[in-house]
Number of protein chains: 2
Amino acid sequence: MNRPIINSWQSVEQEVRRRIQTREWAPGELIPNEADLALEFGCARATVNRALRRIADSGLIDRRRKAGTRVALQPVARATLDIPVIRREIEDRGMTYSYLLLSRTEAVPPHAVSATMQLPAHDAQLHVVALHLGNETPYALEDRWISLAAVPAARQERFESVSSNEWLLANAPWSHGQITFAATQAGREDAARLACDPGQAMFVIDRLTWNNNAAITRVRLKYPPGYQLRTDI
Amino acid sequence: MNRPIINSWQSVEQEVRRRIQTREWAPGELIPNEADLALEFGCARATVNRALRRIADSGLIDRRRKAGTRVALQPVARATLDIPVIRREIEDRGMTYSYLLLSRTEAVPPHAVSATMQLPAHDAQLHVVALHLGNETPYALEDRWISLAAVPAARQERFESVSSNEWLLANAPWSHGQITFAATQAGREDAARLACDPGQAMFVIDRLTWNNNAAITRVRLKYPPGYQLRTDI
DNA sequence: AAGTGGTCTAGACCACGCG
DNA sequence: GCGTGGTCTAGACCACTTA
């Protein structure tokens, strides 16, 4: 035996993952408890704990007090998606960012919008439609409703040079939200704005953002055909 | 002052998040170091460390040795997506799962497939096409290539009762992979299989799975119009 | 009842990277 | 150089859950 030294949580994680991957510890099987592993690896129990906690977070093992730690039978693939500011997303792809405000009005939103935002159906909200471009080419079409009750200061902002995306990040704190991904066909207007053909498949991201119990904004981003969202697992 | 007691990493995390959310610590600002916070909260430095590490993982703060910890200027929204086995996904939505094998052949894949899998362009692979149904209704169309070099045992499996998805999870360990989300229009064949109309927008998930340096499988899942992928942030 | 993971502590040393 | 976060340790107590 000429094993690499195991004395950091990273090396413990790597070794445990290796044993699971090679089926040395088979799916469904109980693995040794933290104290035993610490003894075997010659490190502190806290070090083993941190490694196993990370592996559990990734879905590869299941841990329960008293019952111990088991290798997951059907590991759930867990992907982490970074949803940056659109400007950054475009610049990270090596393109030059630009922004075009298409409309900014105060209006009563469709019921679907006021309902998901849990706001009174008859209240006017700020409606911003804008185009994000990379290298002067349409990159994403943004359709946003902003709650004037939650963000009254938005009334003073024209959103002509600063996108509502960035303005809200700087001016409206949020606590949590929900993201939905879907696909939909481009309508005539979408197509004209995104420089594609009507009927083509657009990738759509809906984001609903809250500050505690108050809805801040609901934004729909439509991406032209060919757009891909990619992540490692 | 009648503050709640802060002596667990959860309460430290909550308190720090609160201070950032209320702009008590503004975006871009340097926050106190771990030792000072530990003193203020009356807990050990390790407890503060764990809380701050979690907040940093979520993208809300940036930490650097010597430079200290700063509130992020434009927090990246980080979403965690669970990609379970399709059977589970369907059953979790309260539907009855069923599975229909459409074809199983050995064939030389298109160049695009062999290239992304980094396999010899002329080698035959196992090609499995199948339909996953929820309550007898088409839920997702699966188009999968399996590397026979990496998973020779797949040659013996008919995939008639067990989906390749579940069979591979049980029989082919994997170390990492890549997931891509996109939108595309249904072709005539897709439409017939998914019981939708040609030209409608399908949600598409591509997954490429590796075991160390060997590609295991490349699967494309096509979901009929209306499908949504949702997650909390 | 007892075994397991979950957490906290006090202290220590280290590695990185500003200034 | 030196302040900061990154990590490890040994020990302790606790909370949960199963046997």
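Sequence lines set the chain letters: A, B, ... in the order given, protein chains first and strands last, and positions in each chain run from 1. Quick caveat: nothing in here was measured; it's all calculated off a predicted structure.
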Boundaries of the chain B footprint along DNA chain D (any atom under 4.0 Å from a heavy atom): D/dG3 to D/dT7

In terms of side-chain geometry, is the basic nitrogen of A/Arg18 or A/Glu24 positioned less than 4.0 Å from the acidic oxygen of its partner? yes

Shortest non-hydrogen separation from A/Ile216 to A/Ala172 and the atoms involved: CG2-CB, 4.1 Å

Test of understanding: with salt bridge (charged side-chain N to carboxylate O under 4.0 Å, His left out), list the residues that count as partners of A/Glu157, not counting sequence neighbours. none

Compute whether any side-chain donor of one residue and acceptor of the other, for A/Gln118 and A/Asn213, lie under 3.5 angstrom apart. no

Hey, does A/Asn49 reach any base, or is it just sugar-phosphate, or nothing, if we go heavy atoms under 4.0 Å? base

Which part of the nucleic acid does A/Arg45 contact within heavy-atom distance under 4.0 Å: base, sugar-phosphate only, or nothing? base

Do you know which of A/Tyr99, A/Tyr223, A/Tyr227 makes ring pair (Phe, Tyr, Trp, His ring centres under 6.0 Å) with A/His132? A/Tyr99

Could you tell me how far apart A/Arg70 (CZ) and C/dG5 (C1') are, to the nearest whole angstrom? 14 Å

Here the distance between atom C1' of C/dA2 and atom CG of A/Asn33, to the nearest Å, is 13 Å

Could you list all N or O pairs between the protein and nucleotides 17-19 of chain C that sit under 3.5 Å apart?
residue	atom	partner	partner atom	Å
C/dC18	OP1	B/Arg64	NE	3.2
C/dC18	OP1	B/Arg64	NH2	3.3

Taking side chain to side chain donor-acceptor pair (under 3.5 Å) as the definition, give me every residue that meets it alongside A/Arg78, ordered by chain and number, with sequence neighbours left out. B/Asp82

Just to verify, what does B/Arg87 make a side chain to side chain donor-acceptor pair (under 3.5 Å) with, not counting sequence neighbours? B/Glu166

For B/Ala115, what residues pass the side chain to side chain contact (heavy atoms under 4.5 Å, CB included) criterion, not counting sequence neighbours? none

